K.L.:
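There's a structure below that I have some questions on.
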Amino acid sequence: MAPGLLDLVHLTTWAVCAVIKLPQLVAVLRAGSAWGLSVSSLLLELAGLLVFLRYQIYYGYPLETYLEYPVVIAQDIILLCCIMHFSGKARRAFFYAVVFWGGWYMLTLKKWIIDLAMNLCTFVSAASKLVQLQHLWETKDSGQASALTWGMSVYASATRIITTVMTTNDLAVLIRFIVMLILNIWVTATILHYRKTKKTD
């Protein structure tokens, strides 16, 4: 891939990720409700993102391969606070903050810890998508779940497969993005299915 094209892929990924959670956040704030969203799914997603970011930094990968992660993490934290507020679980936020903060530092105490965490990160991130899917299946209602946010996640996963192959070629990272792409497509399709079903009822 030509360097200019690789730069374009990086740039569009950053642009998408700069606003990736905003449609979801707007939907939650407009409705004043977190119906259709799973706190457990978001907590797992946040854990996966933090491990992935720490892994990238630890191994000194090029900044352009993970630049969007701090922005996505910040958006996830804001979204999580809103969801917890509307779900009546706001008091738990401090506990989660302490756990994530401690985990961030413990990840790099030993090389084997960050390597193991990265391998488990794919399972944790996949679990976050599966928990959201389960929540959608149980409620048979997409509620405030944003198809646009999940669609942007599809795009980001697809572009990161390309950039990983072209830059680091890290197999663990590549597998993670392939799994995330498949699951993000599945969640997006499920949200659209239940939105369509709700409109026809």
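Predicted, not measured: the structure shown is a model, and the values here were computed from it.
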K.L.:
Could you list the residues that satisfy side chain to side chain contact (heavy atoms under 4.5 Å, CB included) with Pro70, not counting sequence neighbours?
P.N.:
Leu53
K.L.:
What pairs meet the ring pair (Phe, Tyr, Trp, His ring centres under 6.0 Å) rule with one or both residues in residues 160-181, with sequence neighbours excluded?
P.N.:
Phe52-Phe177
K.L.:
Just wondering, are more than 12 heavy atoms of other shown residues or ligands nearer than 6.0 Å to CH2 in Trp14?
P.N.:
yes
K.L.:
Can you name the side-chain hydrogen bond (donor to acceptor under 3.5 Å, both in side chains) partners of Thr65, sequence neighbours left out?
P.N.:
Gln56
K.L.:
Once rounded to the nearest 0.5 Å, what's the spacing between atom OG1 of Thr190 and atom CD of Gln134?
P.N.:
12.5 Å
K.L.:
Check side-chain hydrogen bond (donor to acceptor under 3.5 Å, both in side chains) between His10 and all other residues, then give those that pass, not counting sequence neighbours.
P.N.:
Arg160
K.L.:
Using modelled atom types only, decide if a donor and an acceptor are shared between the side chain of Ser146 and the backbone of Thr149 within a distance under 3.5 Å.
P.N.:
yes
K.L.:
Does Val187 have any side chain to side chain contact (heavy atoms under 4.5 Å, CB included) partners at least two apart in sequence or in another chain, and if so, which?
P.N.:
Lys129, Gln132, Leu133, Leu136, Trp150, Ile191
K.L.:
What's the separation between atom CG in Leu79 and atom CD in Gln24, rounded to the nearest 0.5 Å?
P.N.:
5.5 Å
K.L.:
Using atom types as modelled, flag every donor-acceptor pair under 3.5 Å from a side chain in residues 85-104 to any protein atom, sequence neighbours excluded.
P.N.:
{"from": "Ser87", "atom 1": "OG", "to": "Ile83", "atom 2": "O", "distance (Å)": "2.8"}

K.L.:
State the CD1-CG distance between Ile161 and Leu181, to the nearest 0.5 angstrom.
P.N.:
4.5 Å
K.L.:
Should we say atom CZ of Phe123 is surrounded by more than 12 heavy atoms from elsewhere, each under 6.0 Å from it?
P.N.:
no
K.L.:
Check step by step if side chain to side chain donor-acceptor pair (under 3.5 Å) holds for Asp115 and Tyr58.
P.N.:
CA-CA 10 Å; Asp115 289 339; Tyr58 183 83; over 6 Å; no
K.L.:
Working to the nearest 0.5 angstrom, can you tell me the gap between Ile175 CD1 and Thr164 OG1?
P.N.:
11.5 Å
K.L.:
Answer yes or no: does atom CH2 of Trp112 have more than 12 heavy-atom neighbours from other residues, nucleotides or ligands under 6.0 Å?
P.N.:
no
K.L.:
Can Tyr155 and Thr12 be counted as having a side-chain donor-acceptor contact under 3.5 angstrom?
P.N.:
yes
K.L.:
Supply the atom-to-atom distance Leu49 CG to Ser128 OG, rounded to the nearest 0.5 angstrom.
P.N.:
8.0 Å
K.L.:
If you define the side chain from C-beta out and look only at heavy atoms, does anything of Arg54 sit under 4.5 Å from Tyr105?
P.N.:
yes
K.L.:
How many angstroms lie between atom CE of Met180 and atom OG of Ser153, to the nearest 0.5 angstrom?
P.N.:
10.5 Å
K.L.:
With distance as the sole criterion, is a donor-acceptor pair present between the side chains of Tyr55 and Asp170 under 3.5 Å?
P.N.:
yes
